[in-house]
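Naming: A, B, ... by sequence-line order, numbering from 1 per chain. Here the structure is a predicted model, which means the values were calculated and not measured.
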2 protein chains.
Amino acid sequence: MLRVFSALANPHRLRIVATLSANGRNYISQLAREVGISRPLLHLHLQKLEEAGLVTSKLELSDDGKALNYFEVTDFKIVVSPRMIETAVQTLTADSKKQGD
Amino acid sequence: MLRVFSALANPHRLRIVATLSANGRNYISQLAREVGISRPLLHLHLQKLEEAGLVTSKLELSDDGKALNYFEVTDFKIVVSPRMIETAVQTLTADSKKQGD
DNA sequence: TTCATGTGTAATATTTTTCTTACACATGAA
DNA sequence: TTCATGTGTAAGAAAAATATTACACATGAA
């Protein structure tokens, strides 16, 4: 939960999710051009989104032999409310860092 | 929106919301003791939660004359989905920092 | 007056996140 | 082979978030 909120607490990552949702699945290099950020940076953001379970990736071979890593958004639907947070907090560890979705 | 996600992207703040939701309104010093963090730090976190609209504060005079700043959670209910994020992203400014709820 | 309680905030670490730059490796086409 | 395209990641700089410490101020009770 904390991991999900952290993933969404960044303008680039919100745009990435929005773009993937609007335009459908895409591979890193192409998506980087569309979103307007560098590939290594996008790679980092996609990693966080994937760890949060908001996107998934699948490595595919293109016709001309390139290995393309395709990303797409998952069908998440999270209702955030005080009660929901009460429940979610119980899953936080003592050192309260990131952890199991 | 970004502001809300950022506010929730922290274990202390999640606990603060959960505590206020479970135990009802409370003033800073008392809440600091319950949550187990310093008062200045709690003050900072409450500020972020209030800017995000997740809690509200009200200054009150106690019977013995002390000025107590009471906080309570708002009745927020936010449904987070890819489509919702598509919409929310449109409200991001070019320099994409925090901004109007 | 002094103590215990409450309020707020400024200045300074400290820690995390974010971002850039550079490297290494692979494939098909020219 | 060289070029254009794709992949990944490591190292360090830069920026932002987090946390501590210390200060200032107020009130009622002892």
Side-chain angles (χ1 to χ4, degrees), chain A residues 2-17 25-52 54-72 92-99, chain B residues 2-17 25-52 54-71 92-93 95-99:
Chain A
L2 174 57
R3 178 163 301 194
V4 171
F5 290 137
S6 296
L8 295 175
N10 177 284
H12 282 327
R13 290 196 289 269
L14 287 181
R15 287 208 185 83
I16 291 166
V17 171
R25 65 203 298 274
N26 205 348
Y27 63 94
I28 296 193
S29 290
Q30 177 59 31
L31 184 57
R33 286 187 287 265
E34 280 184 26
V35 178
I37 64 179
S38 72
R39 189 179 55 79
L41 183 55
L42 175 61
H43 189 273
L44 173 86
H45 286 312
L46 283 171
Q47 204 166 291
K48 295 203 174 185
L49 287 171
E50 187 164 29
E51 283 169 2
L54 303 177
V55 306
T56 56
S57 67
K58 187 156 174 290
L59 206 63
E60 295 182 12
L61 269 296
S62 65
D63 291 340
D64 61 339
K66 301 271 189 301
L68 306 183
N69 200 0
Y70 275 89
F71 282 81
E72 68 183 328
L92 290 179
T93 50
D95 55 300
S96 63
K97 283 298 172 189
K98 50 211 55 172
Q99 76 178 40
Chain B
L2 174 57
R3 178 164 301 194
V4 171
F5 290 138
S6 296
L8 295 175
N10 177 285
H12 283 327
R13 290 196 289 269
L14 287 180
R15 285 207 186 83
I16 291 166
V17 170
R25 64 203 297 275
N26 204 349
Y27 64 95
I28 296 192
S29 290
Q30 178 58 31
L31 184 57
R33 287 187 288 265
E34 281 184 26
V35 178
I37 64 179
S38 72
R39 188 179 56 79
L41 184 54
L42 176 61
H43 189 274
L44 173 86
H45 285 312
L46 283 172
Q47 203 167 291
K48 294 204 174 185
L49 287 170
E50 187 164 28
E51 283 169 1
L54 302 177
V55 305
T56 56
S57 67
K58 187 156 172 290
L59 206 63
E60 295 181 10
L61 269 297
S62 67
D63 291 342
D64 62 338
K66 300 271 189 301
L68 307 183
N69 201 358
Y70 275 89
F71 283 80
L92 290 180
T93 51
D95 54 300
S96 62
K97 284 297 171 191
K98 51 210 51 169
Q99 78 177 38

What is the separation between atom [atom1] on [X] and atom [atom2] on [N], rounded to the nearest whole Å?
X	N	atom1	atom2	result
E60(A)	dA26(C)	CD	P	22 Å
R39(A)	dC25(C)	CZ	P	15 Å
L41(B)	dA17(D)	CG	C1'	11 Å
N69(B)	dA26(D)	CG	P	18 Å
H43(A)	dT9(D)	NE2	P	5 Å
L59(A)	dC25(C)	CG	P	19 Å
I28(A)	dT7(D)	CD1	P	5 Å
N10(B)	dA16(D)	CG	P	18 Å

Nearest of [options] to any side-chain atom of [X]?
X	options	result
S29(A)	dT9(D), dT20(C), dT7(D)	dT7(D)
P40(B)	dT7(D), dT21(C), dT20(D)	dT20(D)
R13(B)	dT18(D), dT20(C), dT21(D)	dT18(D)
K48(B)	dT18(C), dG6(D), dT18(D)	dT18(D)

Is there a side-chain contact between I37(A) and H45(A), using heavy atoms and a 4.5 Å cut-off?
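Sidechains of H45(A) and I37(A): in contact.
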
Is any side-chain nitrogen or oxygen of [X] closer than 4.0 Å to OP1 or OP2 of [N]?
X	N	value
R33(A)	dG6(D)	yes
Y27(B)	dG6(C)	yes
H45(B)	dT18(D)	no

Searching all strands shown, indicate the nucleotide that pairs with [N] (Watson-Crick or G-U wobble; both distances under 3.5 Å).
N	result
dA15(D)	dT16(C)
dA10(C)	dT21(D)
dA30(C)	dT1(D)

How far does CG of L46(A) sit from CG of L41(A), to the nearest 0.5 angstrom?
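Nearest 0.5 Å value for the CG-CG distance: 9.5 Å.
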
Could you tell me whether the side chain of R25(A) and the main chain of Y70(A) form a donor-acceptor pair under 3.5 Å?
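Checking the backbone N and O of Y70(A) against the side chain of R25(A), no donor-acceptor pair under 3.5 Å is found.
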
So, applying side chain to side chain contact (heavy atoms under 4.5 Å, CB included) with S57(A), which one of E50(A), Q47(A), E72(A) is it?
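For S57(A), the side chain to side chain contact (heavy atoms under 4.5 Å, CB included) test succeeds with only one of E50(A), Q47(A), E72(A), which is E50(A).
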
Pair L8(B)-R13(B), side-chain contact (heavy atoms from CB on, under 4.5 Å): steps then yes or no:
CA-CA 6 Å; L8(B) 295 175; R13(B) 290 196 289 269; over 6 Å; no

